[in-house]
Amino acid sequence: MASKTLEGIKSIENFQIEDKRLFLRLDLNVPLDESGRITDDTRILAAMPTIRYAIDKGAKIILASHFGRPKGKPGDREKYSLEPVAAYLNDALKKEIILVEEPAANATKQLLSGLKPSQIIMLENLRFDPGEEKNDREFAQKLAAFTDIYINDAFGASHRAHASIVALPELVEKHGLGFLMRKEIEMLDRVRLNPEAPFVAVLGGAKVSDKIEVIEVLMDKVDTLIIGGAMAYTFLAAQNISTGKSLVEKDKVRFAGELLERAKARKKKLLLPVDHKITRDIKDTASLTITENAAIPEGWMGVDIGPKTIALYAQELARAKTVFWNGPMGVFETPEFAEGTFAVAQLITESSAITVVGGGDSAAAAHASGLADKFSHISTGGGASLEFLQGEALPGIGALKPIKRSDKEMLIESTGEVIEEPKRQ
Ligand code: ADP
Ligand code: MG
């Protein structure tokens with residue numbers, strides 16, 4: 001399906017990459033445990049199709065990513081090194097990955113001149129250079145100096161105007177997107193531009209305040225809004241239902257009340273939990289009980305949705321044709337409180353709908369449910385997927401549009417063919 005967002009944007013397949021220095025901006029920002037082992041390789045796996053394609057086509061490959069949030073403190077260069085990712089790729093691809101300490105140094109260019117087709121170098125964490133987060137043109141120029149073709153496949157970083165995301169493609173004329181970016185944009189566009197009805201959005205997670213914009217945008221598009229997780233308690237509080245000591249955002253109760261009114265006025269279904277799993281304390285799993293109804297007694301806190309709620313949500317999800325899910329239904333990191341989240345994951349994947357998951361913790365929950373391969377798409381971008389869904393133009397996508405020229409100006413491509421470049425929107 002052609003996506004409007006992608007109009008005028010080239011992809012890796014449009015370029016002749018053999019023997020060319022190909023800069024692959026990836027999102028290899030994976031979590032590590034204390035001993036430096038990768039605990040979740042989802043993002044690396046998601047980047048693999050583009051990496052393998054580049055190898056197959058015989059490009060000279062430069063892999064680049066950010067990694068965590070180094071602040072230039074002592075020890076940061078070890079703590080935020082891409083070394084574990086380089087080692088992982090070494091094993092997975094059975095290819096030597098040369099990790100370059102100083103991406104912006106001249107040495108990189110020299111190293112590349114000796115590189116053979118299908119060989120790979122990896123630049124150290126781009127954020128080690130303060131120019132990266134400042135979208136600094138000079139830093140980007142140093143990267144552009146050894147780049148023939150630039151490909152962005154880092155959806156999870158494309159909501160940030162950083163040098164390797166924005167300034168660099170603006171300097172490299174041959175630029176486009178990779179396979180992961182294409183899939184992310186196409187799938188999220190299916191949800192945000194013309195979702196097939198009934199469109200059910202399932203929202204949960206910790207805070208209403210994190211999700212205000214998403215809720216507002218989705219409210220207009222959905223047929224049904226299902227709310228769970230801690231977010232639900234603020235909505236219950238708006239209806240004067242007791243919430244005990246559950247997480248409630250007092251300053252958002254009014255907003256929640258207004259949303260309930262708005263949903264009613266627009267004849268949208270907005271479903272809230274009708275029972276809960278509650279405990280005395282978030283650590284006290286032994287005290288877990290189920291409420292009779294939506295009210296939570298004094299001294300207790302909600303940690304998950306209850307069985308009646310699951311049955312209620314099941315009815316809506318069974319007939320959905322489009323589902324967007326963001327936010328777990330409970331504190332799913334604790335196995336005793338994960339039932340509601342995993343039940344919803346199962347209901348979503350059992351439906352005949354296009355099913356898209358957005359949000360970092362939601363993606364983790366989808367994977368933990370064991371049903372990851374049953375969703376149509378699990379976005380690798382936490383913040384990026386939500387911003388994109390809200391209709392914000394992501395800087396990283398905008399930077400992939402053709403370089404702006406005056407209306408009449410023609411661009412003569414290397415083929416000698418004269419084509420008119422569309423203006424960047
Ligand atoms: P995402 O990263 O997918 O956008 P959020 O960050 O909004 O999701 O929310 C995820 C967090 O919400 C999880 O860490 C989960 O433990 C928490 N959460 C869900 N339900 C509850 C609850 N009832 N009480 C406290 N925290 C909750
Ligand atoms: Mg989160």
Side-chain angles (χ1 to χ4, degrees), residues 29 31 40 42-43 69 155-156 159 188 191 201-215 217-218 225-237 241-249 252 256 272-285 287-291 294-297 300-306 309-310 313 323-345 348 355-369 372 375 377-390:
N29 186 25
D40 180 354
T42 308
R43 284 186 165 153
R69 296 197 169 143
F155 183 74
H159 59 317
L188 288 164
V191 170
V202 182
L203 298 177
K207 289 191 194 156
V208 179
S209 49
D210 287 347
K211 307 287 167 71
I212 287 177
E213 284 96 351
V214 189
I215 303 174
V217 168
L218 285 174
L225 204 56
I226 288 177
I227 294 183
M231 186 194 282
Y233 312 130
T234 303
F235 283 86
L236 295 179
I241 296 170
S242 58
T243 51
K245 56 176 190 178
S246 308
L247 271 185
V248 170
E249 282 176 280
K252 291 292 171 296
L272 290 167
V274 292
D275 63 349
H276 312 275
K277 283 196 171 168
I278 54 171
T279 54
R280 288 276 184 197
D281 184 89
I282 197 140
K283 296 221 163 61
D284 181 8
T285 52
S287 67
L288 191 70
T289 30
I290 298 168
T291 61
I296 297 172
W300 292 77
M301 68 185 300
V303 290
D304 196 4
I305 53 175
T309 306
I310 294 173
Y313 294 177
V323 179
F324 177 71
W325 178 26
N326 170 257
M329 297 289 100
V331 187
F332 78 101
E333 297 90 342
T334 305
E336 289 85 348
F337 311 153
E339 191 185 348
T341 299
F342 292 166
V344 162
I348 293 175
T355 56
V356 178
V357 183
D361 292 295
S362 311
H367 285 284
S369 74
F375 290 90
H377 183 60
I378 300 174
S379 180
T380 54
S385 47
L386 296 188
E387 281 188 27
F388 186 71
L389 206 69
Q390 286 155 33

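Hydrogens, waters and symmetry mates play no part in the numbers below; they use all other heavy atoms, side chains included. Counting starts at 1 for both ligands and their atoms, following the listed order.
Applying the side-chain hydrogen bond (donor to acceptor under 3.5 Å, both in side chains) test to every pair with at least one member in residues 202-212, sequence neighbours left out, gives these pairs: S209-E249, K211-N326.
When M301, E333, K211 are checked for heavy-atom proximity to atom 13 (C) of ligand 1, E333 turns out nearest. Checking D361, N326, D210 against atom 6 (O) of ligand 1, the nearest heavy atom belongs to D361. Across G330, P328, G229, heavy-atom proximity to atom 18 (N) of ligand 1 is greatest for G330.
Protein heavy atom at the shortest distance from atom 22 (C) of ligand 1 is A230 CB, 3.5 Å. When only non-hydrogen protein atoms are considered, atom 12 (O) of ligand 1 lies nearest to A206 N, 3.1 Å. Closest protein heavy atom to atom 27 (C) of ligand 1: V331 CG2, 3.7 Å. Given atom 3 (O) of ligand 1, the protein heavy atom at minimum distance is S362 OG, 2.4 Å.
Remark: T285 OG1 to K277 NZ distance equals 11.5 Å, nearest 0.5 Å. A distance of 4.0 Å separates CD1 of I278 from OG1 of T289, quoted to the nearest 0.5 Å. Atom CG in D304 sits 8.0 Å away from atom CG in L288 (nearest 0.5 Å).
In this structure, the side chains of L389 and V217 stay at 4.5 Å or more apart for every pair of heavy atoms. Side chains of W300 and R280 form a contact here, defined as non-hydrogen atoms less than 4.5 Å apart. Looking at V344 and I305, their side chains come closer than 4.5 Å, going by heavy atoms from C-beta outward.
Within the listing of ligand 1, atoms 22 (C), 23 (N), 24 (N) sit less than 4.0 angstrom from a heavy atom of G302. Taking a cut-off of under 4.0 Å to the non-hydrogen atoms of L247, the atoms of ligand 1 that pass are 25 (C).
Within the structure, the closest approach of G360 to ligand 1 falls below 4.0 Å when heavy atoms are considered. Contact between Y233 and ligand 1 is present, with at least one heavy atom of the residue lying under 4.0 Å from the ligand.
Sorted by chain and number, the protein atoms of type N, O or S within less than 2.8 Å of the Mg ion (ligand 2) are D361 OD2.
Between F324 and G358, the shortest heavy-atom distance links the atoms CE1-N, 3.8 Å. A pairwise comparison of heavy atoms in S385 and S379 identifies CB-OG, 3.3 Å as the closest pair.
Counting only N and O atoms by type, the side chains of D275 and T309 include a donor and acceptor under 3.5 Å apart.
Within a 6.0 Å radius of CD in Q390, other residues, nucleotides and ligands contribute more than 12 heavy atoms.
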